[in-house]
Every structure is written in structure tokens, then in C-alpha cells.
Amino acid sequence: MSEAASENGYSIALTDRRLVAEGTMAFYFEKPAGFVFAPGQFIDLTLPQPSETDTEGDTRAFSIASAPQESTLMLATRLRDTAFKRELQRMPLGSTVRVEGPFGKLVLHADRTRPAVFLAGGIGITPFRSMVVHGAMQKLPQRMFLFYSNRRPEDAPFLEELQTLQRQNPRYTFVGTMTESEKSARGWQGETGYINATLLAKHLANIEKPIYYVVGPPGMVDALRTMLKEARIDESDVRTEKFAGY
Ligand SMILES: Cc1cc2nc3c(=O)[nH]c(=O)nc-3n(C[C@H](O)[C@H](O)[C@H](O)COP(=O)(O)OP(=O)(O)OC[C@H]3O[C@@H](n4cnc5c(N)ncnc54)[C@H](O)[C@@H]3O)c2cc1C
């Protein structure tokens with residue numbers, strides 16, 4: 001076991017990595033003993049001795065994409081051509097990284113009678129995967145709606161899993177939407193276009209007092225915040241997290 005706790009976090013070993021969409025990889029790490037987190041939180045991951053580095057340094061924030069009930073810590077990221085991500089992809093399995101956290105307040109609201117509406121763009125899905133897997137495994141009474149926007153199905157991490165979870169959890173609804181479905185080789189039967197007020201109204205009729213969660217690249221989060229404001233959603237019912245760096 002390479003896992004070791006210290007004042008500044010944990011050293012944990014990389015155990016696996018898998019492509020979860022085109023150009024998008026999930027990384028699995030040992031979960032340190034005693035590491036407790038709420039679905040939606042993130043960690044800071046540092047590469048201890050990278051063979052290359054750049055001006056952005058050796059640390060990045062990542063939402064934890066696995067649920068607390070799962071045995072490993074899983075993160076997912078777009079494989080952009082940066083020193084940090086090149087290193088993450090070529091590190092041999094068993095290599096250790098430093099992790100600090102968990103951090104963040106984007107966690108499920110306590111009032112289980114109020115539905116949760118998740119609005120995700122692309123890689124912004126990571127904290128919501130943790131929440132919806134948690135909801136299914138814990139049989140949470142809370143209604144959950146996931147609106148998930150990508151260019152094409154090929155670009156959408158965890159797509160099949162997020163669709164299939166509806167069978168396990170009747171209180172969870174998945175609404176995928178593709179903005180460039182015509183470029184897909186797979187075909188797409190679901191919604192098309194951006195997440196907007198019309199799409200929300202179509203799927204949220206008769207839903208009372210939801211709390212909205214918006215995660216993704218900064219431009220997308222700002223656009224959806226404006227859309228919710230124009231739809232007269234109270235700002236106190238909207239929680240957001242921006243993936244700075246995209
Ligand atoms: C709370 C929080 C949670 C996050 N969770 C996740 C997560 O779950 N998954 C995840 O992937 N990221 C997450 N991020 C973002 C993550 O921390 C990185 O910033 C991001 O992955 C970009 O890292 P990078 O190494 O690709 O680019 P960096 O080296 O950090 O890029 C620095 C700058 O260069 C630009 N840049 C880099 N490469 C390109 C490119 N190919 N094309 C255009 N511009 C480029 C970026 O826009 C940025 O301005 C999170 C951020 C926060 C704050």
C-alpha cells in the first residue's frame with residue numbers, strides 16, 4: 001500500500017485509467033483510509049515529481065466523480081495537451097500522487113423534499129456523476145433531474161451509465177442533449193440543442209421548488225445562470241461551480 005496520510009493530505013496510488021469518452025479519461029486512485037467526502041466535493045491533485053512541468057504548475061483541482069460508496073477515488077478529465085495531463089496519462093499504474101481535500105460546498109441540499117436539478121456541460125458532469133450514483137446506491141428519496149449537454153454522444157463521459165441509472169432509481173430522470181448530433185457516427189434519439197428555458201420547462205412541469213446546480217466551463221455556467229435568472233428562478237435556489245482552466 002502506498003497510501004500515506006500527512007498534515008497536507010495523502011499520497012495515493014493510481015490504480016487504473018480508462019477512456020470514458022473521446023479525448024476524455026477517468027483516473028482511478030486508491031481511496032485513503034478515513035477519507036470522507038460528500039458527493040460534489042473536489043480535491044487538489046499534485047504530481048510529486050513530474051518529468052515535465054509548465055507555467056500552470058503541478059496541481060489541478062478535480063471534482064470527485066466517484067460516489068462515497070465506491071471503493072476507489074475516480075476523477076475524469078479532458079485530455080488536453082498540457083504538461084500536467086501528458087504526465088497523468090503516461091504515469092505507470094502504481095505511481096503516487098498527492099491529494100488534498102476534500103473541498104467545496106457544491107453538495108446536495110439537506111431538504112430531501114425539494115428536487116435537485118443538475119445542469120452539466122461536458123466534463124462538468126463529474127460532481128453530478130457522484131451525486132446520482134450516490135442517490136441510486138443510497139436509495140435517496142430526493143427527486144433528481146440531470147440535464148447533460150455535449151456536442152455529440154461520443155463526447156459525453158459516462159453517457160450510458162447515466163442513462164441506465166434511471167432503471168435503478170425511479171426518482172432520477174436523465175435528459176441528454178446534443179448540440180452537434182449531426183456530426184455523430186453513433187446517432188442520437190434524445191434532445192438536441194443547448195440547455196435552455198424551453199427544454200427545462202418541457203421536463204420539469206409540475207416540479208415544485210427545485211434547487212438548481214450548474215457546473216461546467218465558465219462561459220457555460222454564466223450563460224445558464226443568466227437563463228435561470230430570466231426564468232425568474234430565485235438566485236438563492238441556484239448553486240454553481242466553474243471549472244476554471246477550461
Ligand atoms: C472546483 C473545480 C473542480 C474542477 N473539476 C474538474 C474536473 O472534474 N475535471 C476536469 O477536467 N477539470 C476540472 N477542473 C478544472 C481543472 O482544475 C483544470 O483547470 C482543467 O482540467 C484544465 O487543466 P489543463 O492542464 O488542461 O490546462 P491548464 O494548463 O490549466 O491551462 C491553462 C490555460 O490554458 C488554456 N488551455 C490549455 N489547454 C488548452 C487547449 N488545448 N485549448 C485551449 N486552451 C487551452 C486554458 O483555457 C487555461 O486558460 C476543476 C476546476 C475547479 C476550480
Side-chain angles (χ1 to χ4, degrees), residues 9 12 14 16-29 31 35 37-68 70 72-91 95 97-108 118-134 146-151 154-159 161-162 180 212-225 238-246:
I12 56 173
L14 177 68
D16 199 5
R17 64 188 140 215
R18 291 179 213 158
L19 268 183
V20 288
E22 266 185 34
T24 309
M25 192 162 268
F27 295 86
Y28 297 78
F29 297 91
K31 185 151 62 171
F35 185 82
F37 69 97
Q41 289 194 294
F42 68 96
I43 47 106
D44 280 341
L45 187 151
T46 301
L47 304 173
Q49 287 173 320
S51 57
E52 59 171 331
T53 189
D54 60 21
T55 51
E56 297 294 325
D58 302 327
T59 301
R60 298 285 185 281
F62 290 106
S63 298
I64 303 169
S66 48
E70 293 179 290
T72 54
L73 270 188
M74 189 262 284
L75 317 171
T77 192
R78 297 292 198 207
L79 297 175
R80 298 202 305 203
D81 194 20
T82 66
F84 184 93
K85 291 188 178 171
R86 282 193 295 272
E87 183 73 14
L88 208 50
Q89 284 175 78
R90 70 176 162 235
M91 274 174 31
S95 308
V97 300
R98 295 285 304 164
V99 162
E100 285 179 44
F103 305 116
K105 294 189 179 143
L106 189 100
V107 296
L108 278 173
F118 306 127
L119 311 183
I123 196 63
I125 194 62
T126 46
F128 298 140
R129 182 197 175 271
S130 181
M131 291 181 187
V132 299
V133 171
H134 173 73
L146 172 60
F147 292 80
Y148 186 24
S149 164
N150 284 271
R151 291 195 179 131
E154 291 89 325
D155 304 311
F158 312 115
L159 181 60
E161 180 188 30
L162 293 167
E180 296 181 12
Y212 291 85
Y213 297 78
V214 187
V215 177
M220 183 226 156
V221 172
D222 288 339
L224 286 176
R225 232 186 198 292
V238 180
R239 322 248 157 108
T240 61
E241 190 153 82
K242 292 180 177 175
F243 281 6
Y246 277 105

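Order of appearance sets the numbers: ligands from 1, and atoms from 1 within every ligand. For this chain, numbers begin at 1 and follow the sequence in order.
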> Considering only heavy atoms, which of E56, R80, K85 lies nearest to atom 36 (N) of ligand 1?
Replying inline: R80
> Nearest to atom 3 (C) of ligand 1 by heavy atom, F84, F103, F243: which?
Replying inline: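 Nearest heavy atom to atom 3 (C) of ligand 1 lies in F243.
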>> Could you measure the distance from the CZ atom of F35 to the CD1 atom of I64? Nearest 0.5 Å is fine.
In response: 4.0 Å
> So how far is it from Q41 CD to K105 NZ, rounded to the nearest 0.5 Å?
Replying inline: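 Going from the CD atom of Q41 to the NZ atom of K105 covers 10.5 Å.
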> Can we say E70 and R129 salt-bridge, meaning some charged N sits less than 4.0 Å from an Asp/Glu carboxylate O?
Replying inline: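 Looking at E70 and R129, the cut-off is met.
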Can an N or O of [X] be found at a distance shorter than 3.5 Å from an N or O of ligand 1?
X	answer
A61	yes
T126	yes
D81	no
T77	yes
S63	yes
I123	no

For [atom], is there a protein heavy atom at a distance under 4.0 Å?
atom	value
atom 34 (O) of ligand 1	no
atom 17 (O) of ligand 1	yes
atom 43 (C) of ligand 1	no

> Between the side chains of T77 and R60, is a donor N or O closer than 3.5 angstrom to an acceptor N or O?
Replying inline: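 T77 vs R60: no donor-acceptor pair found between side chains.
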> Looking just at side-chain N and O atoms, do T59 and D44 make a donor-acceptor pair shorter than 3.5 Å?
Replying inline: no
>> Give me the nearest non-hydrogen protein atom to atom 47 (O) of ligand 1 as residue plus atom name, then the distance to 0.1 Å.
In response: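 So the nearest neighbour among protein heavy atoms is G245 O, 3.2 Å.
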> Which heavy atom of the protein is the closest neighbour of atom 30 (O) of ligand 1, given with residue, atom name and distance?
Replying inline: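 Looking only at protein heavy atoms, the one closest to atom 30 (O) of ligand 1 is R60 NE, 3.2 Å.
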Ligand-residue contact atoms, ligand 1 with [X], heavy atoms, under 4.0 Å:
X	value
K242	52 (C), 53 (C)
T82	24 (P), 25 (O), 26 (O), 27 (O), 29 (O), 37 (C), 38 (N)
A76	7 (C), 8 (O), 9 (N), 10 (C), 11 (O)

>> Under a 3.5 Å distance rule, please check whether E52 uses its side chain to pair with a backbone N or O of E87 as donor and acceptor.
In response: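 Pair absent, no side-chain N/O of E52 close to backbone of E87.
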